[in-house]
Amino acid sequence: MDKRYGPVELPARSWHQGEVHSALRARDIPALLRLVQRYTGASQARLATAFAMGQGRVNEIINGRRQVTRLDVFERIADGLAMPDEARVLFGLAPAHAAVRGVLTGHAEIARVFTDQAEAYQELRDLAATATEISILAVRTLGLISLNDSLLRGPLTQRATPVSVRMLLLDPDAPTVATRSSEIGESPESFATGIRLAIARLAEFDGHPYVTLRTALYNQLPTWRMLGFDGTLYVSAFGTSREGHRSGMYKLTAASGGVLHAGFRRQFDEMWRQARHLGMEGRSVDRGRTEGTRP
C-alpha cells in the first residue's frame, strides 16, 4: 500500500514505552499524537488522512483546542494507528484482532477500560433505568444507591418497569470491618454505622411497585466491586488505601470461551449463596439461598 495512505504504523517497540502507555490510559489524545509524530515523523496532514478527518481538526486536537469524546472517533484513531490489541485495551477499547492473532478469546470480553469511573456514570444510570436484572457487590453502597443523591437511586426509584436487584454488602458485624476501616482511615464504629445506614435505606424500596430488591451480607475482606446489569459487568477493585469507586473499572461482556465474565459471575453467585440474607426490614432471615439472577 502507498505509504501516503492507510494507517500510520509505529515501530512495535513504541507501544511498550511508558509515556505511550500513560497517554493511552489517560486518553490524552494530544500527547498521544505528539508521540506518534515523534516516533514516525508523520505530519498532521498524514494523520488526518489516516483518521479520515480534516487536517484543521487534527491541528485543533493536537493543540488542545478540541476534545475527543465520541467512541467512533477513538476507534478511528486506533484504526488509523494500527493500534495493537494490548494498546487498544489500555485505550479503553475492545481488542480488534484477538481471534486472528490467536490471543485468548476471553480477552475480547473487555469491552472498555474506564480509567476514571466518572466516565461511566451516565451509562450506569441508563442501565439502572432499563435493565431487568441488577446485581451489586460493594461495601456500603452509599455512593451507589443508599443515599438520596447516590448514582443509581434516582433511576431505580423512578422505574416504571420491573427489575430484580440483588445487593451484597459487607456484614457490619464481620471481623473484616476492622481491617477494611483501618485501610481507608476510618474507625470501625463509623464504618459499620455507614453499612447499617445503607441497609436501612435499601429497605425503603420495600413496596416499590416495580423494584424487587434483596440484600445479603458477606464477611470476606472486600476485594472486588461488581455492578451487573443483565449480561454486562463493571468490575473494579478495593485497594488497600482507596475505595472501589476510585479505582479503574473494566466493562466486561460475555464471550465464547471467555474466562473473566464467567468467573466473576460465578464468584458473585457463590458469595450470594453463602451470604446472610436479610428481610425487607433489614433483619436476617436465613444463611443463604441458591436461587440466582446472575450479575
Side-chain angles (χ1 to χ4, degrees), residues 114 116-118 120-121 124-125 127-128 134-156 165-205 211 213-229 233-252 263-284 287-288 292-295:
F114 297 95
D116 182 348
Q117 291 193 28
Y121 282 176
L124 296 175
R125 289 190 189 97
L127 288 168
I134 299 175
S135 299
I136 294 177
L137 169 63
V139 174
R140 293 181 284 193
T141 69
L142 294 177
L144 278 175
I145 189 174
S146 297
L147 300 177
N148 289 342
D149 59 352
S150 295
L151 182 66
L152 307 181
R153 192 174 185 92
L156 282 174
V165 183
R166 292 190 298 171
M167 302 291 303
L168 268 173
L169 278 63
L170 181 61
D171 192 327
D173 297 318
T176 47
V177 164
T179 304
R180 183 57 187 163
S181 61
S182 175
E183 288 180 340
I184 61 173
E186 289 190 29
S187 70
E189 294 75 18
S190 65
F191 190 81
T193 297
I195 300 174
R196 293 189 176 95
L197 171 62
I199 293 170
R201 294 304 309 274
L202 291 174
E204 294 174 1
F205 280 94
V211 179
L213 189 148
R214 294 170 292 163
T215 303
L217 307 177
Y218 65 92
N219 56 23
Q220 301 98 317
L221 183 67
T223 303
W224 297 107
R225 179 179 186 253
M226 300 186 214
L227 311 178
F229 300 91
L233 279 175
Y234 297 81
V235 179
S236 54
F238 292 102
T240 56
S241 60
R242 65 186 179 193
E243 297 276 23
H245 67 275
R246 297 191 182 280
S247 81
M249 183 168 67
Y250 289 87
K251 178 180 179 179
L252 304 179
F264 280 116
R265 282 176 49 161
R266 182 178 182 184
Q267 180 183 5
F268 185 98
D269 282 346
E270 183 61 17
M271 289 182 68
W272 182 259
R273 187 184 69 80
Q274 295 183 15
R276 177 161 65 95
H277 291 249
L278 304 180
M280 290 299 185
E281 296 181 355
R283 299 190 180 95
S284 181
R287 294 297 300 179
T293 331
R294 290 185 176 273

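Note that the coordinates shown come from a computational prediction; the quantities given were computed from them, not determined experimentally.
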Indicate the atoms forming the closest heavy-atom contact of [X] with [Y], along with that distance.
{"X": "F191", "Y": "V139", "result": "CZ-CG1, 3.4 Å"}
{"X": "M249", "Y": "A120", "result": "CE-CB, 3.5 Å"}
{"X": "L170", "Y": "Y218", "result": "N-CE2, 3.3 Å"}
{"X": "A216", "Y": "A275", "result": "CB-CB, 3.6 Å"}

Exercise. Classify the angle between the aromatic ring planes of Y234 and F229 as parallel (below 30°), tilted (30 to 60°) or perpendicular (above 60°).
Key: perpendicular
Do any N or O atoms from the side chain of [X] and from the backbone of [Y] form a donor-acceptor pair under 3.5 angstrom?
{"X": "H277", "Y": "L217", "answer": "no"}
{"X": "S135", "Y": "G228", "answer": "no"}
{"X": "S182", "Y": "A178", "answer": "no"}
{"X": "S150", "Y": "L142", "answer": "yes"}

Within a strict 4.5 Å, meaning less than it, do heavy atoms of the [X] and [Y] side chains meet?
{"X": "I145", "Y": "M167", "value": "yes"}
{"X": "L169", "Y": "L202", "value": "yes"}
{"X": "Q220", "Y": "M271", "value": "yes"}
{"X": "P155", "Y": "L124", "value": "no"}
{"X": "E183", "Y": "F238", "value": "no"}

Quiz prompt | SB check R140 E186 (cutoff 4.0 Å) | solution = yes
Exercise. Output yes when D173 and R196 qualify as a salt bridge under the 4.0 Å nitrogen-oxygen rule, no when they do not.
Key: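 Looking at D173 and R196, the cut-off is met.
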Distance from [X] atom [atom1] to [Y] atom [atom2], nearest 0.5 Å?
{"X": "Q267", "Y": "T223", "atom1": "CD", "atom2": "OG1", "answer": "7.5 Å"}
{"X": "K251", "Y": "S236", "atom1": "NZ", "atom2": "OG", "answer": "15.0 Å"}
{"X": "L197", "Y": "L147", "atom1": "CG", "atom2": "CG", "answer": "6.0 Å"}

Exercise. Apply the test side-chain hydrogen bond (donor to acceptor under 3.5 Å, both in side chains) to residues R201 and N148: give CA-CA distance (whole Å), side-chain angles for both, the deciding distance (0.1 Å), then the verdict.
Key: CA-CA 9 Å; R201 294 304 309 274; N148 289 342; 2.6 Å; yes
Quiz item: Would D171 and T176 count as a side-chain contact (heavy atoms from CB on, under 4.5 Å) if you check the C-alpha gap in whole Å, the side-chain angles of each, and the deciding distance to 0.1 Å?
Solution: CA-CA 9 Å; D171 192 327; T176 47; over 6 Å; no
Quiz item: Hey, mind stepping through I136 and L144 against side-chain contact (heavy atoms from CB on, under 4.5 Å) and telling me if it holds?
Solution: CA-CA 9 Å; I136 294 177; L144 278 175; 4.0 Å; yes
Quiz item: Can you list the steps and then say if R265 with M226 is a side-chain contact (heavy atoms from CB on, under 4.5 Å)?
Solution: CA-CA 9 Å; R265 282 176 49 161; M226 300 186 214; over 6 Å; no
Quiz item: If you count the non-hydrogen atoms of other residues, nucleotides and ligands that lie under 6.0 Å from CZ in F114, is the total more than 12?
Solution: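 Yes, enclosed.
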Quiz prompt | Audit row: S190, S187, side-chain hydrogen bond (donor to acceptor under 3.5 Å, both in side chains) steps and yes/no | solution = CA-CA 6 Å; S190 65; S187 70; 3.0 Å; yes
Quiz prompt | Aromatic ring proximity F264/W224, centre distance under 6.0 Å | solution =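 That pair passes the under 6.0 Å test.
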Exercise. Any chance you could lay out the side-chain contact (heavy atoms from CB on, under 4.5 Å) test for L151 and Y121, step after step, and finish with the verdict?
Key: CA-CA 7 Å; L151 182 66; Y121 282 176; 3.7 Å; yes
